[in-house]
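Reviewing the structure listed below.
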Amino acid sequence: MTHRVAIVGAGPSGFYAADGLLRGRPDLRIDVIDRLPTPFGLVRAGVAPDHQGTKAVVRQFDRLLTQPDLRFAGNIEIGRDLSWDEVIQSYDAVIVATGMVVDRKLGIPGEDLPHVWGSWRFVAWLNGHPDFRTGPDLSGVKSVAVIGNGNVALDVARLLAKTPDEMTKSDIVAEAGAAIAAAPIADIHVIGRRGAGEASFTTNELAEMGRLARAVSVADASVLAAEAPASDPTPERLRKAKNIETLKRYAAQTPGEKPVTVHFRFHETPKAIRPGEVELSTGTLVADLVVTCIGYTGEPFPQAENVFPVGWARRGPSGTIPTNRADSHAVAKQVIDFLEDRDLKSGPDIMPLCVDAEGWHRIDKAEVAAGAAQGRPRVKFVDWQALLDIAQGD
């Protein structure tokens, strides 16, 4: 007999926590529970589909699924198949790795209009999340407003600006790729309420915007006077300085040089959204589609002595995927210390019929095979029942 730990959420923070637990206590029995029949959470559904290098981190997570005392329990929803009380009472410790997947609101009039999309919902559609099979109508979209000054805003702008050829090696779902390719997009406006010196873009992602085949990036004149704050720590100051230099190069380019123009706009605050336009603090902008990229919130979870949040559930939606490793390992150490000298909880296995690692590998194999036929990394199955049928097949 040994202690049993449940990890609720099969995204990066959950798998890094499992890795930390197994390094410190290889004898533990660990169940990684997720409401989806597929693991990897944000990596599968939230990372931009053209950033396959970032998605490659799942290989190390997949290796964890071969550990004999680690069980993947997919298609298990807390509140539907198991209650939080059942999980807390049945396991010696519970790690909550549910992340944050609710788009934060702007708090302005008009943000519930049908042409306004949160970035989580939008990118989940591009990635084939089974809860988001229908995307926005792009057939008449000429001008897009992307509200936010972080990497997610860059992801949205870049994916809308890329050509089908540039997306060939991605795992974007076919319907989304076709809708973007057919859309008459001419202008994409990336809007920040603060200045270029405060933008949180990473240098590589911002530079990528200057290498798009059919899009030219331009920036407003305010970037010419921007400076990296001297009070910032050195790494942050250097990042911002490089970003400002990149934006200055964009400021020297001419709108319309290519079929699509990406406009970087600063010091503009959204005040209201109306059909076909966004009211900014500086005036009115034509926008047939608005995508908000201002962060996320999460669902509440129980507080108890043996419950340990990790990742975004613990610290909020900040940091990159590698950031979660140290954070999750630290929480795993807390769990191991908590379990020391504690009596084992006894009782039956409460896990209902689930999609296990073998079922996930059936899905994975089928998606990769479908992708190989098209010269792509994978073709995702986006229908709940199709995923379950493949997982349960022979």
Worksheet entry | Joint cluster assignment, L387 & L42, ILVMFWY side-chain distance < 4.5 Å | no
So does [X] have more than 12 non-hydrogen atoms from other groups sitting under 6.0 Å from [atom1]?
X	atom1	answer
E236	CD	yes
R71	CZ	yes
R59	CZ	no
K365	NZ	no

Quick one: pull up [atom1] in [X] and [atom2] in [Y] and give me the separation to the nearest 0.5 Å.
X	Y	atom1	atom2	result
F266	E198	CZ	CD	9.5 Å
S200	R194	OG	CZ	7.5 Å
L82	I33	CG	CD1	6.5 Å
D155	L126	CG	CG	9.5 Å
D62	D364	CG	CG	6.5 Å
L339	L28	CG	CG	6.5 Å

Can you find a heavy atom in the side chain of [X] that is under 4.5 Å from one in the side chain of [Y]?
X	Y	answer
T284	R274	yes
K105	E111	yes
F308	Q334	yes
R265	L285	yes
V8	W84	yes
L65	L70	yes
P309	F301	yes
T38	F72	no

For the residue pair [Y] / [X], report whether a side-chain donor-acceptor contact shorter than 3.5 Å exists.
X	Y	answer
E205	T202	no
Y16	D327	no
H115	D137	no
S281	E268	no
N324	R314	no

Side chain [X], main chain [Y], donor-acceptor under 3.5 Å:
X	Y	answer
S83	G79	no
E166	T163	yes
T168	D165	yes
S119	V152	no
K271	L280	no
H51	G53	no
D288	S143	yes
K162	A181	no
R214	A161	yes
Y250	G210	yes

Considering all heavy atoms of both residues, which atom of [X] and which atom of [Y] are nearest to each other, and what is their separation?
X	Y	value
H129	A45	CD2-CB, 3.7 Å
W384	N75	CZ3-OD1, 3.6 Å
P255	H263	CB-CE1, 4.4 Å
G197	I244	CA-CD1, 4.0 Å
V47	K55	O-CE, 3.3 Å
A157	M209	CB-CE, 4.0 Å

Ion pair present between [X] and [Y], side-chain N to carboxylate O less than 4.0 angstrom?
X	Y	value
R158	E208	yes
D34	R44	no
R362	D356	no

Item to complete: Walk me through it: do H3 and D27 pass the test side-chain hydrogen bond (donor to acceptor under 3.5 Å, both in side chains)?
Response: CA-CA 8 Å; H3 289 108; D27 62 309; 5.8 Å; no
Practice prompt. Determine the sole option in K380, R376, R378 for which the salt bridge (Lys or Arg N to Asp or Glu O under 4.0 Å) test with E367 is passed.
Written response: R378
Discussion item. Is the ring pair F201/F264 parallel, tilted or perpendicular, if the boundaries are 30 and 60 degrees?
Written reply: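 Taking F264 first and then F201, their aromatic rings stand perpendicular (interplane angle over 60°).
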Practice prompt. Describe, in one word, how the ring planes of F40 and F15 are oriented to each other, choosing from parallel (under 30°), tilted (30 to 60°) and perpendicular (over 60°).
Written response: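 Rings of F40 and F15: tilted, as their planes differ by 30° to 60°.
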Worksheet item: For the side-chain contact (heavy atoms from CB on, under 4.5 Å) test, which of L160, T292, V146 pairs with F122?
Response: L160
Discussion item. For F132, does the six-membered ring have the charged nitrogen or CZ of R121 within the cation-pi criterion, i.e. under 6.0 angstrom from the centroid and within 45° of the normal?
Written reply: no
Practice prompt. Evaluate the side-chain hydrogen bond (donor to acceptor under 3.5 Å, both in side chains) criterion for residues S222 and D220: first the C-alpha distance (whole Å), next the side-chain angles of each, then the deciding distance (0.1 Å), finally the verdict.
Written response: CA-CA 6 Å; S222 73; D220 70 36; 2.5 Å; yes
